[in-house]
Amino acid sequence: MKPTIPKGTRDFSPTEVTKRNYIFDTIKTVFETFGFQPIETPSFENSNTLMGKYGDEGDRLIFKILNSGDYLKKVDDKLLKDKNSVRTTPKISEKALRYDLTVPFARYVVQHQNDIVFPFKRYQMQPVWRADRPQKGRFREFYQCDADVVGSKSLWQEVEFVQLYDEVFTKLGLTETIIKLNNRKILSGIAEIIGAKDKLLDFTVALDKLDKIGIEGVTNEMLGKGISQEAIEKVRPLFNFTGDNLEKLEQLKDLLSASEEGTQGVEDLEFIVENIEKLGLSSARLEIDVTLARGLNYYTGAIFEVQTDKVAIGSIGGGGRYDDLTGIFGLKNISGIGISFGLDRIYMVLEELNLFKRVVLPKPTLVFINFGEKEAGYCMQTIKKLREMGIKSDLYPDNVKLKKQMNYANRREIPFVALVGEQEMQENNYTLKNMHTGEQTLCNLDDLIRLIKS
RNA sequence: GUGGUUGUAGCUCAGUAGGUUAGAGCGCUAGAUUGUGGUUCUAGAGGUCGCCGGUUCGAAACCGGUCUUCCACCCCA
């Protein structure tokens with residue numbers, strides 16, 4: 001049998017895990033610096049917790065878990081005969097793998113509302129699963145690193161999340177990231193102005209593609225969705241939106257003056273932009289982008305997306321404010337805002353830009369050659385002492401040819417090898433070989449420690 | 001879900017207008033070197049050519065299906 005793993009999943013080698021942990025640790029440190037606390041939720045939830053939260057497309061991409069036992073027994077004969085998957089699925093599957101971390105978090109907040117101190121700032125770094133077709137930077141199992149705040153409507157949270165993005169990417173050495181910012185209220189306002197409020201979703205999805213398919217493509221798609229030519233004319237200025245953030249906001253103000261919601265959105269963005277300008281960013285750039293829509297339909301306020309133009313890979317993070325996420329689970333009037341880091345994509349970007357230089361694979365500093373049982377026992381005494389001192393050291397476990405043992409040390413890039421044979425044992429000293437220079441020294445334990453520490 | 005693409009040794013890939021025994025480089029094992037790795041030289045092991053079926057005297061090659069890889073769309077991190 002040929003060993004394989006399912007489509008869209010990956011194994012991670014020691015080097016890869018080390019590099020991934022470096023990203024995890026960096027993000028985690030920043031999250032905690034900003035006052036977030038960790039939680040974890042199960043990898044699978046009840047289907048009804050997840051289904052219907054991500055739109056029809058999302059439902060299709062949720063991995064369903066088959067009921068245990070004789071799961072077909074209770075299903076109606078008629079239903080089975082009809083071969084209708086959509087209607088049969090709920091009968092044979094009651095659990096599903098989590099699709100993101102935000103919905104399980106909303107469930108968590110509602111379920112534990114009595115124990116939570118609001119405003120609740122939590123972070124979560126766990127895998128999620130999507131039955132998508134894999135392609136570049138898209139997998140069926142991948143990690144998300146989310147930070148959310150629930151229980152505060154303050155726009156300072158938006159400001160903080162921009163700072164947080166900047167901080168994380170700066171620490172990772174990924175500079176000049178572009179933090180795109182928009183507001184769902186502005187999109188609603190625009191739809192209102194053009195009299196296509198019922199087509200908000202179609203409108204935003206089409207607008208989102210502007211940089212990909214161009215003005216003409218977007219126009220055609222909007223026309224195709226039943227948005228009138230006149231309406232499109234009204235928003236044409238959006239297609240060639242230029243200037244700095246404040247200039248863009250001025251233009252938007254004019255465009256949206258007749259929409260209360262749109263105006264509110266502009267004011268929100270103004271607050272964020274002005275304060276970020278006062279506080280300053282280390283290496284990222286905040287950019288208003290009215291074409292930024294994001295697919296999720298639960299965002300109600302600010303929308304974020306982080307991009308880098310150094311690597312063509314799509315967004316490496318995103319998020320936004322959702323005023324009513326917990327409402328679905330019965331807890332009203334709790335506003336939330338959150339952001340997410342796409343760990344796997346960040347990994348690919350750092351790899352491509354060669355930004356993992358500082359990451360070193362954990363490995364022994366010193367390995368002892370095995371010359372036989374007696375010598376091995378003697379070496380283990382020393383290794384015990386060295387390990388107690390925090391020096392990573394190891395005994396080659398088998399008494400095999402010296403060449404093979406040396407080759408092992410070489411392949412693992414272990415900097416020092418100690419040879420202890422009969423001669424050394426009798427004289428109570430060590431032959432220490434520096435694998436880099438090839439230099440060998442006969443020394444006692446103190447000298448050995450001093451040499452490998454230098 | 002739609003369209004395209006890929007699969008030959010552990011890895012990266014050659015190969016054939018269908019014809020004895022399927023190749024290379026790297027890696028692996030052994031030796032040159034019995035207490036010395038990285039270089040070099042020599043030898044060796046390793047493949048039902050993704051899987052199933054069809055066409056054919058004959059298929060790794062042609063055809064169909066299926067799985068897989070990668071890519072675009074949809075959607076999205």
Side-chain angles (χ1 to χ4, degrees), chain A residues 1-10 13 23 54-62 85-86 98-102 125-146 201-202 204-206 208-209 212-213 217 221 292-297 304-308 312-320 338-349 367-372 375 396 399-425 430-440 442:
Chain A
M1 179 188 160
K2 201 177 175 179
T4 54
I5 52 172
K7 186 197 284 211
T9 64
R10 296 148 302 155
S13 69
I23 303 176
Y54 310 101
D56 290 343
E57 188 67 23
D59 282 358
R60 193 170 62 78
L61 297 178
I62 292 173
S85 306
V86 178
R98 72 169 160 247
Y99 178 87
D100 70 358
L101 300 177
T102 309
M125 307 198 289
Q126 290 187 278
V128 302
W129 294 270
R130 295 185 187 179
D132 208 353
R133 238 193 239 196
Q135 48 182 281
K136 188 175 189 181
R138 295 177 70 163
F139 308 98
R140 298 178 112 180
E141 178 185 63
F142 61 96
Y143 275 75
Q144 286 190 335
C145 310
D146 277 25
L201 206 64
D202 289 334
T204 52
V205 167
D208 191 39
K209 293 177 191 162
K212 226 175 191 176
I213 60 177
E221 183 161 332
L292 176 64
R294 291 185 63 77
L296 296 173
N297 35 22
F304 301 109
E305 190 161 297
V306 186
Q307 294 175 358
T308 169
I313 198 161
S315 69
I316 51 178
I339 58 163
S340 181
F341 289 84
L343 174 99
D344 300 274
R345 286 194 182 170
I346 293 170
Y347 182 100
M348 292 170 89
V349 170
V367 69
F368 285 77
I369 296 296
N370 190 327
F371 283 115
E375 289 87 345
Y396 192 89
N399 174 20
V400 294
K401 274 188 200 143
L402 182 55
K403 185 187 169 98
K404 196 170 171 157
Q405 300 191 45
M406 293 300 287
N407 196 36
Y408 168 82
N410 190 49
R411 291 283 304 273
R412 286 202 60 192
E413 296 179 325
I414 290 163
F416 293 98
V417 167
L419 296 93
V420 184
E422 222 157 290
Q423 182 90 20
E424 285 91 346
M425 270 170 72
Y430 306 83
T431 298
L432 182 72
K433 180 172 175 122
N434 180 326
M435 290 297 279
H436 188 61
T437 61
E439 188 188 352
Q440 278 186 204
L442 189 68

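Below, read A as the first sequence line, B as the second, and so on, with proteins coming before strands; counting in each chain starts at 1.
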For [X], what residues pass the salt bridge (charged side-chain N to carboxylate O under 4.0 Å, His left out) criterion, not counting sequence neighbours?
X: D344(A); result: R10(A), R20(A)
X: K209(A); result: E221(A)
X: E141(A); result: none
X: R412(A); result: none

Can you check nucleotides 2-5 of chain B for protein contacts, nitrogen or oxygen pairs under 3.5 Å, and list what you find?
from	atom 1	to	atom 2	distance (Å)
U2(B)	O4	R133(A)	NE	3.4
U2(B)	O4	R133(A)	NH1	2.9
G3(B)	O6	R133(A)	NH1	3.2

task: Please list every stem that involves RNA chain B, where a stem is a run of 3 or more consecutive Watson-Crick or G-U wobble pairs with both pairing distances under 3.5 Å.
output: B:1-4 with B:70-73, B:10-13 with B:23-26, B:28-32 with B:40-44, B:50-54 with B:62-66
Rounding to an integer number of angstrom, what distance separates [N] and [M] when you compare their [atom1] atoms?
N: U20(B); M: U39(B); atom1: P; result: 38 Å
N: A17(B); M: U2(B); atom1: C1'; result: 35 Å
N: C52(B); M: A60(B); atom1: P; result: 12 Å
N: G18(B); M: C57(B); atom1: P; result: 16 Å

side-chain hydrogen bond (donor to acceptor under 3.5 Å, both in side chains) with [X]: which residues, sequence neighbours excluded?
X: R133(A); answer: none
X: Q440(A); answer: none
X: E422(A); answer: none
X: R140(A); answer: none

message: Just to verify, what does Y143(A) make a ring pair (Phe, Tyr, Trp, His ring centres under 6.0 Å) with, not counting sequence neighbours?
response: F24(A)
task: May I ask you to decide if the ring planes of Y396(A) and Y408(A) are parallel, tilted or perpendicular, using 30° and 60° as cut-offs?
output: perpendicular
field: B/S/- contact track for nucleotides 27-39 of chain B, protein heavy atom under 4.0 Å
entry: -S-SS---BBBB-
